[in-house]
Amino acid sequence: MIEWSKTTIKEFQTSLLGWYDENHRDLPWRHDQDPYHIWVSEIMLQQTQVNTVIPYYERFMRLFPSVEKLAQAPEEQLLKAWEGLGYYSRVRNMQRAAQQLLQDYDGKWPQTKTGLQELVGIGPYTAGAIASIAFNQPEPAVDGNAFRVFSQLLEIEADITKPQTRGIFETVIRKIISKDRPGDFNQAIMDLGASFMTAKNSDNAHSPVRQFNQAYLDGRLDEFPVRSKRLKPVDKHYFALVIKTPQGYLFQQRASNELLAKLWTFPLIDGDKLKEEYPDLNEDTLSKTIESKFAAETEIKTDLQLVDAPVVKHTFTHQKWHVTLMSTELQDQPDLSHFAGQIANVEQFTTLAWPTLQKKLWSAYQKRQIKLF
DNA sequence: CACGCGTGGAC
DNA sequence: TGTCCAAGCGT
């Protein structure tokens with residue numbers, strides 16, 4: 001059993017930081033200690049892989065190079081910059097925090113972990129990351145990597161999906177973290193978690209800290225971290241209405257309290273709710289039912305046809321959507337005064353933030369089979 | 001506390 | 001195909 005004495009801790013820090021000095025990744029947000037750069041990168045990296053983030057980060061910094069620019073940006077431009085990254089509340093919260101910083105903090109960053117957590121969107125992990133990397137505070141930054149690395153090093157059996165467990169890891173890391181180089185220490189743990197100590201296909205035999213890894217020495221790597229299984233996504237069914245008018249396609253902005261808030265999609269009809277209201281719905285009555293439902297909301301008359309294309313499937317964290325396309329082409333421009341949406345021509349598509357679901361819908365619609373008579 | 005919230009990569 | 005994972009947070 002490894003004894004984590006002061007000497008062991010020192011040796012661990014030396015091995016870890018020595019390896020990091022020689023092998024750390026050159027990432028765009030590692031070029032300085034600017035808290036704005038660290039912050040943006042940490043928000044983007046939440047539940048998102050490094051390779052995905054890099055181009056988004058570069059573009060975001062060109063568009064919004066400072067807290068001030070971020071605070072002043074139009075929301076649609078922010079969402080467009082975030083398009084495809086997912087968890088879109090991250091960027092809306094980031095703008096709120098930027099405004100908070102300017103108005104309530106006179107533009108000066110709080111430099112402690114607890115102070116940073118006052119900003120919306122900054123939780124215990126991100127606060128620890130900014131405090132340690134930008135402000136050299138000896139604070140733990142417990143993300144998925146830290147959970148995996150330290151659960152294996154110390155054979156910690158607590159379920160990492162339970163909120164209580166974070167405190168156990170923070171206590172352990174506070175004892176082990178380098179007081180001289182806390183930011184590098186935390187980043188070294190992340191690089192370790194992305195190289196030798198990955199979740200799958202790890203290579204602990206060549207890890208710079210293998211002699212400190214109890215689970216490796218015991219042949220018990222596969223037992224850590226302990227994590228309860230997540231629930232399966234629930235199936236949901238929708239109809240997407242592709243309505244082409246002389247001026248362009250109809251789009252709707254998702255409400256701020258629902259999935260994909262404030263992003264743009266074709267108008268969507270809840271198929272499960274429809275089935276509840278009309279239990280005896282069949283293929284013949286489907287079109288008319290949806291038409292009347294859409295007309296009741298928007299006063300727009302349509303003549304919808306099922307599109308000859310596969311049902312679009314899209315899985316979110318907790319929901320699996322099955323979306324059936326229906327389309328119509330209106331000869332006259334409809335009165336849109338009761339339609340809570342927008343018309344967009346193909347050229348205007350680039351200005352609206354599309355979730356991946358909408359990209360799939362558009363693609364399926366473009367590839368639809370043209371029926372020949 | 002448990003749950004909602006996106007997406008893409010790896011296998 | 002499905003499943004799990006990736007620098008989590010707000011409610």
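As the structure is a prediction and not an experimental result, all values here were calculated from the model. The sequence lines fix the lettering, A, B, ..., with proteins before strands; numbering per chain opens at 1.
Nearer the 5' end of DNA chain C, as judged by each residue's closest nucleotide, is the contact made by A:Val50, out of A:Leu119 and A:Val50. Both A:Arg30 and A:Arg96 lie near DNA chain C, and the one whose nearest nucleotide falls closer to the 5' end is A:Arg30.
Cation-pi contact between A:Arg181 and A:Phe185: absent, since separation from the ring centre below 6.0 Å together with deviation from the ring axis within 45° is not met. Judged by a 6.0 Å distance limit and a 45° cone about the ring axis, A:Arg166 is not positioned over the six-membered ring of A:Phe169.
Side-chain proximity of A:Lys229 to the nucleotides C:dA7, C:dA6, C:dC4 is greatest for C:dC4. Minimum atom distance to the side chain of A:Thr126 is reached by C:dG8, of the listed B:dC3, C:dG8, B:dA2.
In DNA chain B, the stems built from three or more successive Watson-Crick or G-U pairs (distances below 3.5 Å) are B:2-5 with C:8-11, B:7-11 with C:2-6.
Going from atom CG of A:Asp191 over to atom P of C:dA6 covers 14 Å, rounded to whole Å. Atom pair A:Lys113:NZ and C:dG8:P shows a separation of 14 Å (rounding to whole Å applied). A:Lys232 has its NZ atom 19 Å from the C1' atom of B:dC3, to the nearest Å. Note: CZ (A:Arg25) to P (C:dA6) measures 12 Å, nearest angstrom. We find that CD1 of A:Ile54 is positioned 14 Å from C1' of C:dA6, with the value rounded to whole Å. When the P atom of C:dG2 is taken as reference, atom CG of A:Asp235 falls 9 Å away, rounded to whole Å. Whole-Å rounding puts the A:Phe147 CZ to C:dC5 P distance at 14 Å. Taking atom CD1 on A:Ile189 and atom C1' on C:dA7, their separation rounds to 13 Å, with Å as the unit.
Here A:Val53 lies out of heavy-atom contact (under 4.0 Å) with every strand. A:Arg148 comes within 4.0 angstrom of sugar-phosphate atoms only, judged by non-hydrogen atoms across all strands, and of no base. Contact annotation for A:Lys359: no contact, since no heavy-atom pair falls under 4.0 Å across all strands. Within the 4.0 angstrom heavy-atom criterion, no nucleotide atom of any strand lies near A:Ile160. A:Ala129 comes within contact range of no nucleotide atom at all, as no heavy-atom separation falls under 4.0 Å. Within 4.0 Å of A:Trp29, counting heavy atoms only, lies at least one base atom of the nucleic acid.
Nucleotides B:dG8 and C:dC9, compared at atom P, are 22 Å apart to the nearest Å. Distance noted for atom P between C:dA7 and B:dC5: 23 Å (whole Å).
Between A:His322 and A:His237, the two ring planes are parallel [angle under 30°; tilted spans 30° to 60°]. Between A:Phe339 and A:Phe294, the two ring planes are perpendicular [angle over 60°; tilted spans 30° to 60°].
With values rounded to the nearest 0.5 angstrom, A:Phe12 atom CZ is found 9.0 Å from A:Leu17 atom CG.
The shortest distance between side-chain heavy atoms of A:Glu155 and A:Phe224 falls below 4.5 Å. Side chains of A:Tyr88 and A:Leu263 form a contact here, defined as non-hydrogen atoms less than 4.5 Å apart.
Not a single donor-acceptor pair, N or O on each side, falls under 3.5 Å between the base of C:dA6 and the side chain of A:Arg227.
A:Trp354 and A:Phe251 have their aromatic ring centers within a separation under 6.0 angstrom. Aromatic pair A:Trp362/A:Phe349: ring centres closer than 6.0 Å.
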| task | Give the B/S/- string for nucleotides 5-11 of chain B, one per nucleotide from 5' to 3', where a protein heavy atom under 4.0 Å of the base yields B, of only the sugar-phosphate yields S, and otherwise -. | result | BBBSS-S
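Judged by distance alone, the side chains of A:Ser132 and A:Glu139 never bring a donor and an acceptor atom under 3.5 Å apart.
With respect to the salt-bridge test (charged N to carboxylate O, under 4.0 angstrom), the residues A:Glu276 and A:Lys273 do not qualify.
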